Amino acid sequence: MLELSFIKEHKEKVLEGLERRCYPAETSEIIDSILEKNENRKTLQGFLDVKRGEINKLSGQIGDLFKSGKQEEAQALKDQVNAVKGEMGDKEKQLIAAENQLTQLLYKIPNVPHPSVPKGKSDEDNEVHIPHQGDLPDLGESALPHWELAKKYQLFDLELGVKIAGAGFPLYRGKGAKLERALINYFLDEADKRGYEEIIPPLLVNEASGIGTGSLPDKEGQMYYMEKDDLYLIPTAEVPVTNIHRGDILDESQLPIKYTGYTPCFRREAGSYGAHVRGLNRVHQFNKVEIVRFEKPENSYAALEEMLKHVSDLLTALELPFRVLRLCGGDLTFASALTYDFEVYSAAQKRWLEVSSVSNFETFQSNRMKTRYKDSNKKKQLVHTLNGSALALARIVACILENNQTTNGIKIPVVLQPYTKFEVIS
RNA sequence: GGAAGAGUGGCAGAGCUGGUUUAAUGCACUGGUCUUGAAAACCAGCGUGCGGCAACGUACCGGGGGUUCGAAUCCCUCCUCUUCCGCCA
């Protein structure tokens, strides 16, 4: 969430940000009620602090009187305390209510987009940041989509997934499973080379973790929820890995902190059906290698560029045609200040598929998580958090299968061959 | 899942028969004195949030609730950890 002080001092920036996100005009009223609630909160707390002070003082005196045996005088002071309590009335409850309301209101305000983020409503307004170089591959009319190829070569089985779990839970097998595992290992090794510490986190998280990254309450419907245990299945490793430092006050010398982690990701994807969700294009469970960084504010955008390069290098090495988009305000996630999406061109489906998204959240997540560091002046500051997929597997597999199909089978990209230990799927 | 015990500041560890606790003490850390430099010694500082220019006030001793003039301390509840038993990859 945004910092109160920021909203107070830069209200116009917050409003302008909402506009670029194409939020409904009424949202600006929330800003006003936040400021109003905060004043209300301050008044209440100021009043209560004074009254509590009086009670503390009187209670101390009562103790002294009891020790010296002056019961009656003590009783008189007790009456005074009760009188003060009478003045307090239900103001303590009001304060708690005001604080809660304030928090709830703050949860509704998304991050302020970076100045470079274009205004826009939907993915149609996204800006091409790095266009694809050269010609797009053309496989001709005989090219098969990946779900056909999967059948032909027994790589994954969606029907079996349905039998075992339900729609959207693919079962990988044979060389399909090996390709999956090869990609995971390749991606983890590449992250390792770039100094990311590997993490295997819990796949279920509690509510506090969900709130920390901004997944809750915003994406409540997107996550699988275990009511009996009050736990959520992770939609991405971002949630458990970022929460490693929830509540921490880090030392400046610890930064930057870089983590990578492979996890399956679970998404309910409620209400999304249609031609574009066939095969592995959109599933409830998929594998992903995530990278997460904690940075000093002044370094965070340089870090974002580094992540951009990292993902670009992976896609280049995999010989996949890709482009990078700068998301417009309306397509930006709630917590993000700037997001680059990577799209790979599927030559068989003749469309671009999103395979990665790298974002800078600035202090939006760290303010929720209260992740701070002590700078050189020993002042506490919120860190900047960033994360990105490097990479999400399902669609990468789809594109590798489709783009590399030949009459003699599917060619495995050279960099993966040491991992798959086979060069072609036939 | 059952039983017992325990959760205190970066760490260790008092307090827990309710009232100089504004949480002792030690370690660690920071600054200073001393020293050619370091160590040691000594002096001082040293948690987090909110309000305030500040002095300072206030809240926080796992979370939540209660009793009381007053709660780290008593009661209820939840969570976590340890030990023992049971189950188990």
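Naming convention: chains lettered A, B, ... in sequence-line order (proteins, then strands); numbering from 1 in each chain. All values derive from a computational prediction rather than experimental measurement.
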A.B. asks: Give the rounded distance in Å between these two atoms: CG of A/N206 and C1' of B/U80.
C.D. replies: 12 Å

A.B. asks: Taking a pair as Watson-Crick or G-U wobble with both distances under 3.5 Å, which nucleotide is matched to B/G7?
C.D. replies: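 B/C79 - that is the nucleotide pairing with B/G7, both distances being under 3.5 Å.
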
A.B. asks: Would you mind checking if A/R52 and A/E92 are paired as a salt bridge, meaning a charged N to carboxylate O distance below 4.0 Å?
C.D. replies: yes

A.B. asks: Let's test this: given Watson-Crick or G-U wobble pairing with both distances under 3.5 Å, identify the partner of B/C60.
C.D. replies: B/G47

A.B. asks: I'd like to know if A/R194 pairs up with A/E190 as an ion pair, taking the criterion as any Lys NZ or Arg NE/NH1/NH2 lying under 4.0 Å from an Asp or Glu carboxylate oxygen.
C.D. replies: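 A salt bridge is present here (some side-chain N lies under 4.0 Å from a carboxylate O).
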
A.B. asks: Determine the sole option in A/E16, A/E9, A/H10 for which the side-chain contact (heavy atoms from CB on, under 4.5 Å) test with A/E12 is passed.
C.D. replies: A/H10

A.B. asks: What's the gap between B/G31 and B/U17 when it is taken at their P atoms, as a whole Å value?
C.D. replies: 42 Å

A.B. asks: If pairing requires Watson-Crick or G-U wobble contacts with both distances under 3.5 Å, which nucleotide is the partner of B/U20?
C.D. replies: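 No nucleotide pairs with B/U20.
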
A.B. asks: Could you tell me the separation between the OG atom of A/S357 and the CD atom of A/E343, rounded to the nearest 0.5 Å?
C.D. replies: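 Answer for the OG-CD pair, A/S357 versus A/E343, is 10.5 Å.
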
A.B. asks: For A/E3 and B/G49, give me the distance from atom CD to atom P, rounded to whole Å.
C.D. replies: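 In whole Å, B/G49 P lies 12 Å from A/E3 CD.
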
A.B. asks: Which atoms of nucleotides 44-48 of chain B (N or O only) lie under 3.5 Å from a protein N or O atom, and what are those distances?
C.D. replies:
unit_1	atom_1	unit_2	atom_2	d
B/U48	OP1	A/K380	NZ	3.0
B/U48	O3'	A/R372	NH1	3.2

A.B. asks: Whole angstroms only, please: what is the CG-P distance between A/L65 and B/U20?
C.D. replies: 14 Å

A.B. asks: Rounded to the Å, how far apart are A/L250 CG and B/C29 P?
C.D. replies: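 Interatomic distance, CG of A/L250 to P of B/C29: 20 Å.
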
A.B. asks: Both distances below 3.5 Å, Watson-Crick or wobble geometry, any strand: find the nucleotide opposite B/C34.
C.D. replies: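 None - no nucleotide pairs with B/C34, as no candidate has both distances under 3.5 Å.
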
A.B. asks: Determine the Euclidean distance between corresponding C1' atoms of B/C16 and B/A72; express it in Å to zero decimal places.
C.D. replies: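 The same atom, C1', in both gives a distance of 7 Å.
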
A.B. asks: Atom CD of A/Q254 to atom C1' of B/G10: distance rounded to whole Å?
C.D. replies: 12 Å

A.B. asks: Do the rings of A/H114 and A/Y301 sit parallel, tilted or perpendicular, given the 30° and 60° boundaries?
C.D. replies: tilted

A.B. asks: Does a side-chain N or O from A/K42 land closer than 4.0 Å to OP1 or OP2 of B/G52, or not?
C.D. replies: yes

A.B. asks: Within 45 degrees of the axis of the six-membered ring of A/F422 and under 6.0 Å from its centre: does A/K175 put its NZ or CZ there?
C.D. replies: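 Yes, a cation-pi geometry holds between A/K175 and A/F422.
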
A.B. asks: Rounded to the nearest 0.5 Å, how far does CD of A/Q80 lie from CD of A/E54?
C.D. replies: 9.0 Å

A.B. asks: If the threshold is 4.0 Å, N to carboxylate O, is there a salt bridge linking A/E99 and A/K37?
C.D. replies: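 Salt bridge: no.
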
A.B. asks: Can you tell me, in whole Å, how much space there is between the P of B/C81 and that of B/U8?
C.D. replies: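 14 Å, rounded to whole Å.
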
A.B. asks: Say we look at B/G64 and B/C11: how far apart would their C1' atoms be, to the nearest angstrom?
C.D. replies: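 Their C1' atoms lie roughly 28 Å apart.
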
A.B. asks: Using atom C1' in both nucleotides, what's the gap between B/U83 and B/C75 to the nearest angstrom?
C.D. replies: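 Here B/U83 and B/C75 have their C1' atoms 26 Å from each other.
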
A.B. asks: Is the shortest distance from a Lys or Arg side-chain nitrogen in A/K151 or A/E148 to a carboxylate oxygen in the other one below 4.0 Å?
C.D. replies: no

A.B. asks: Under a 3.5 Å cut-off for both distances, is B/C53 Watson-Crick or wobble paired, and to whom?
C.D. replies: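 Result: none.
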
A.B. asks: Using the 3.5 Å cut-off, write out each protein N or O paired with an N or O of nucleotides 66-73 of chain B and the distance between them.
C.D. replies:
unit_1	atom_1	unit_2	atom_2	d
B/C69	O2'	A/S59	OG	3.2
B/G70	OP1	A/K85	NZ	2.6
B/G70	O4'	A/S59	OG	3.2

A.B. asks: Using Watson-Crick or G-U wobble geometry with both distances below 3.5 Å, tell me the partner of B/U25, or none.
C.D. replies: B/A12

A.B. asks: Atom CG of A/D251 to atom P of B/A28: distance rounded to whole Å?
C.D. replies: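 Rounded to whole Å, this separation is 18 Å.
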
A.B. asks: Tell me: CG of A/D248 to C1' of B/G10, nearest whole Å?
C.D. replies: 12 Å

A.B. asks: Is B/C84 paired to anything, Watson-Crick or G-U wobble with both distances less than 3.5 Å, and if yes, which nucleotide?
C.D. replies: B/G2

A.B. asks: Taking the six-membered ring of A/F294 as reference, does the cationic atom of A/K258 (NZ for Lys, CZ for Arg) lie under 6.0 Å from its centre and within 45° of its axis?
C.D. replies: no

A.B. asks: Distance between the P atoms of B/G70 and B/G66, in whole angstroms?
C.D. replies: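 To the nearest whole Å, 12 Å.
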
A.B. asks: Between A/Y224 and A/F266, what is the ring plane arrangement, given parallel below 30°, perpendicular above 60°, and tilted in between?
C.D. replies: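 Perpendicular: the ring planes of A/Y224 and A/F266 meet at over 60°.
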
A.B. asks: To the nearest Å, how far apart are A/K51 NZ and B/C50 P?
C.D. replies: 24 Å

A.B. asks: Using atom C1' in both nucleotides, what's the gap between B/C60 and B/G7 to the nearest angstrom?
C.D. replies: 16 Å

A.B. asks: Can you tell me how far P in B/G19 sits from the matching atom in B/C74, rounded to whole Å?
C.D. replies: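 Pairwise P distance, B/G19 against B/C74, rounds to 11 Å.
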
